[in-house]
Novice: 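If you scroll down you'll find the structure; I have some questions about it.
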Number of protein chains: 2
Amino acid sequence: MSGALRHALLGSLSQERASGYELARRFERTLWRHAWHAQYSQIRPELDRMADDKLITVVATGARRRRTYSITRAGQAELQRWLRAPPAKFVARSEFVLRLFLLSTLDPADARTLLAPIADASAEELATLRAAVATAGTSAGAGAPLSFDRLAAEFSVRSVAALHEWARWALTELDR
Amino acid sequence: MSGALRHALLGSLSQERASGYELARRFERTLWRHAWHAQYSQIRPELDRMADDKLITVVATGARRRRTYSITRAGQAELQRWLRAPPAKFVARSEFVLRLFLLSTLDPADARTLLAPIADASAEELATLRAAVATAGTSAGAGAPLSFDRLAAEFSVRSVAALHEWARWALTELDR
DNA sequence: TTTCCCATGTAATCAGTTACATGATTAG
DNA sequence: CTAATCATGTAACTGATTACATGGGAAA
């Protein structure tokens, strides 16, 4: 098992304990866009396997059968082991980027009608991201450690900016 | 079937006809890093299904049982239909980016030893990409259409630059 | 002649999605 | 009381990987 999902879950739990449902929402909120995505129906059985392997434990059971999981010592160790031994090669799967490249197979008019909304949406998203980074910078402030959220936010700003600039470049190329 | 692989193959064949083996090499060379990845053992049976569906046809059989495929009219139409109807939401799976975000779970020394090579490698890759874009710009030149390769190259330059700048930002944050 | 690359074929397994079903709790 | 949300559970299916096996052709 290479186990990106498993380690994404360990990482999420190392930030803060959570139920399966809550973990699914975290994927929805932060991870899905650039890093990793998983649905509840995949997360749920994986949590059971991770508990079997003693990487996580149930630390509370609440209303609606809610089981709150926490990462164990063994889980922390496994996560760090995994992070310190990255594979030589990484592959990505982004249907979005695939579609960007395949715009080359459309005629210019169709390409333009698909590109323009991408340029607009990325500009808008960029403004939102920059605003979030700015407010986080003033409040939590200078001395804060490199949290998952900061790493992700700073990465997102730069890569959405890159997307925006690419889309604008492609649009000007189409107008020549 | 959502079928990103199928449409990636159609897109590749709409550029130029190829055998299954050649398509696998194209994934290896251009698509895998940012857009999509597939191995031969997945491509091979998909080509058979696409041929059954008349989206591609064998246009030549050569040495070593090589079958060269070409996209059909129906295949072109299917590709364009798919491109013109993008889903509302896209998810990405990049173990590389996941690992970047999870650096937050390591202590600063370990994070630095993983980040520094990323900063270096991305700088190097960026130089290579910029050089390739520059030479392509002077030779094929101004009037060329938006080919798959140009779209991919210009996108790669911008997103590798974004990665590099993010890594340098993270390293300076670690030194405070 | 032997090694490397081209090229296909396939079985077993693992990862991920879709589509359900069930029911408790909270908010309005 | 009613709707929305929280929360788990699971079966069937599709997508993707791993690990083989086979053999032709080119180049050293």
Side-chain angles (χ1 to χ4, degrees), chain A residues 1-10 12-13 17-29 31-32 35-53 56 58-69 82 87-95 98, chain B residues 1-10 12-13 17-29 31-32 35-53 56 58-69 82 87-95 98:
Chain A
M1 184 193 303
S2 88
L5 170 63
R6 168 167 290 207
H7 296 93
L9 291 168
L10 285 174
S12 196
L13 287 172
R17 49 189 53 180
S19 66
Y21 190 86
E22 168 67 16
L23 286 164
R25 276 196 312 180
R26 288 188 198 166
F27 272 98
E28 204 62 29
R29 285 178 185 158
L31 281 170
W32 64 273
W36 204 262
H37 171 77
Q39 293 185 329
Y40 181 75
S41 59
Q42 191 188 3
I43 292 169
R44 186 65 252 158
E46 183 63 25
L47 288 173
D48 292 338
R49 285 189 292 267
M50 289 162 75
D52 285 349
D53 294 346
I56 60 176
V58 175
V59 289
T61 55
R64 301 187 195 92
R65 290 194 296 168
R66 177 193 177 102
R67 280 162 296 174
T68 303
Y69 291 95
W82 185 77
K89 187 187 169 183
F90 292 100
V91 299
R93 285 212 174 78
S94 167
E95 185 178 322
L98 175 63
Chain B
M1 182 193 305
S2 86
L5 170 63
R6 167 167 291 208
H7 295 92
L9 291 169
L10 285 174
S12 196
L13 287 173
R17 48 190 54 180
S19 68
Y21 190 87
E22 167 67 17
L23 286 163
R25 277 197 312 180
R26 287 189 198 167
F27 272 97
E28 204 63 28
R29 285 178 184 157
L31 281 169
W32 64 272
W36 204 262
H37 171 76
Q39 295 183 328
Y40 181 76
S41 59
Q42 191 188 3
I43 292 169
R44 186 64 254 157
E46 183 64 25
L47 288 173
D48 292 338
R49 285 189 291 267
M50 290 163 74
D52 285 349
D53 294 346
I56 60 177
V58 175
V59 289
T61 56
R64 302 187 195 90
R65 291 196 295 169
R66 178 193 177 102
R67 280 162 295 173
T68 303
Y69 291 95
W82 184 77
K89 186 185 169 184
F90 293 100
V91 298
R93 285 211 174 80
S94 167
E95 186 180 320
L98 174 63

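Chain A is the first sequence line, chain B the second, and so forth, proteins listed ahead of strands; every chain is numbered from 1.
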Novice: Any Lys/Arg nitrogen of A/Glu46 or A/Arg49 sitting under 4.0 Å from an Asp/Glu carboxylate oxygen of the other?
Specialist: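 Between A/Arg49 and A/Glu46 there is a salt bridge, with a charged N closer than 4.0 Å to a carboxylate O.
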
Novice: How many Å lie between CD1 on B/Ile43 and P on C/dG9, as a whole number?
Specialist: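 Checked: the CD1 to P distance equals 14 Å.
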
Novice: Send over the distance from A/Arg67 CZ to D/dC6 C1', rounded to a whole Å.
Specialist: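 In whole Å, D/dC6 C1' lies 13 Å from A/Arg67 CZ.
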
Novice: Just how far, in rounded Å, is P of C/dT17 from CG of B/Leu5?
Specialist: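 The distance from CG of B/Leu5 to P of C/dT17 comes to 15 Å, rounded to the nearest Å.
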
Novice: At less than 4.0 Å, is any side-chain N or O atom of A/Arg93 found next to OP1 or OP2 of D/dT17? Yes or no.
Specialist: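 Answer yes for this pair, as a side-chain N or O of A/Arg93 is under 4.0 Å from OP1 or OP2.
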
Novice: If you round to the nearest 0.5 Å, how far is OG of B/Ser94 from CG of A/Leu31?
Specialist: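 So the gap between those two atoms works out to 11.0 Å.
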
Novice: Between P on D/dG15 and CG on B/Asp48, what's the gap in Å once rounded to a whole number?
Specialist: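 Between P of D/dG15 and CG of B/Asp48: 15 Å.
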
Novice: Want to settle it: does A/Ala63 or B/Ala63 sit nearer the 5' end of DNA chain D, counting the closest nucleotide to each?
Specialist: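 Upstream on the strand: A/Ala63.
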
Novice: Could you check whether the side chain of A/Ser41 and the base of C/dT18 have a donor-acceptor pair of N or O atoms closer than 3.5 Å, going by distance alone?
Specialist: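 Checked by distance alone, the answer is yes.
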
Novice: Quick one: is D/dT17 close enough that its OP1 or OP2 comes under 4.0 Å of any side-chain N or O from B/Gln42?
Specialist: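 B/Gln42 to D/dT17 OP1/OP2: side-chain N or O found under 4.0 Å.
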
Novice: Report the distance from atom CZ of A/Arg17 to atom OG1 of A/Thr68, rounding to the nearest 0.5 Å.
Specialist: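 Result: 8.0 Å between the selected atoms.
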
Novice: Are any of A/Arg25's side-chain N or O atoms less than 4.0 Å away from OP1 or OP2 of D/dC6?
Specialist: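 Checking A/Arg25 against D/dC6: at least one side-chain N or O falls below 4.0 Å of OP1 or OP2.
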
Novice: Given D/dT5, is OP1 or OP2 found less than 4.0 Å from the side-chain N or O atoms of A/Tyr21?
Specialist: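 False: A/Tyr21 side-chain N/O out of range (4.0 Å or more) of D/dT5 OP1/OP2.
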
Novice: Within less than 4.0 Å of OP1 or OP2 of C/dG16, is there a side-chain N or O belonging to A/Arg6?
Specialist: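 So the side chain of A/Arg6 is outside the cut-off, no N or O lying under 4.0 Å from OP1 or OP2 of C/dG16.
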
Novice: Specify the separation, in whole Å, of atom OH of B/Tyr40 and atom C1' of C/dA11.
Specialist: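 Distance, rounded to whole Å: 16 Å.
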
Novice: For C/dT25, does either OP1 or OP2 sit under 4.0 Å from a side-chain N or O belonging to A/Arg64?
Specialist: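 Answer no for this pair, as no side-chain N or O of A/Arg64 is under 4.0 Å from OP1 or OP2.
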
Novice: If you compare every side-chain N and O of A/Arg66 against the phosphate oxygens of D/dT5 (OP1, OP2), does one of them come in below 4.0 Å?
Specialist: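 Checking A/Arg66 against D/dT5: no side-chain N or O falls below 4.0 Å of OP1 or OP2.
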
Novice: Would you indicate, yes or no, if C/dC14 has its OP1 or OP2 atom less than 4.0 angstrom from a side-chain nitrogen or oxygen of A/Arg49?
Specialist: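 For C/dC14, neither OP1 nor OP2 has a side-chain N or O of A/Arg49 closer than 4.0 Å.
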
Novice: Assess, by modelled atom type and distance only, whether the side chains of B/Ser12 and B/Arg26 contain a donor and an acceptor separated by less than 3.5 Å.
Specialist: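 Yes, because at least one side-chain N or O of B/Ser12 sits under 3.5 Å from a partner of the opposite role on B/Arg26.
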
Novice: Rounded to the nearest 0.5 Å, how far apart are CZ of A/Arg67 and CG of A/Leu47?
Specialist: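 Reported to 0.5 Å precision, the distance equals 8.5 Å.
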
Novice: From C-beta outward on B/Gln39, which listed nucleotide comes closest to its side chain: D/dT17, D/dA7, C/dT8?
Specialist: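 Given the options D/dT17, D/dA7, C/dT8, the side chain of B/Gln39 is closest to D/dT17.
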
Novice: Over how many whole Å does the gap from B/Tyr69 atom OH to C/dA7 atom C1' extend?
Specialist: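 It is 11 Å, rounded to the nearest whole Å.
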
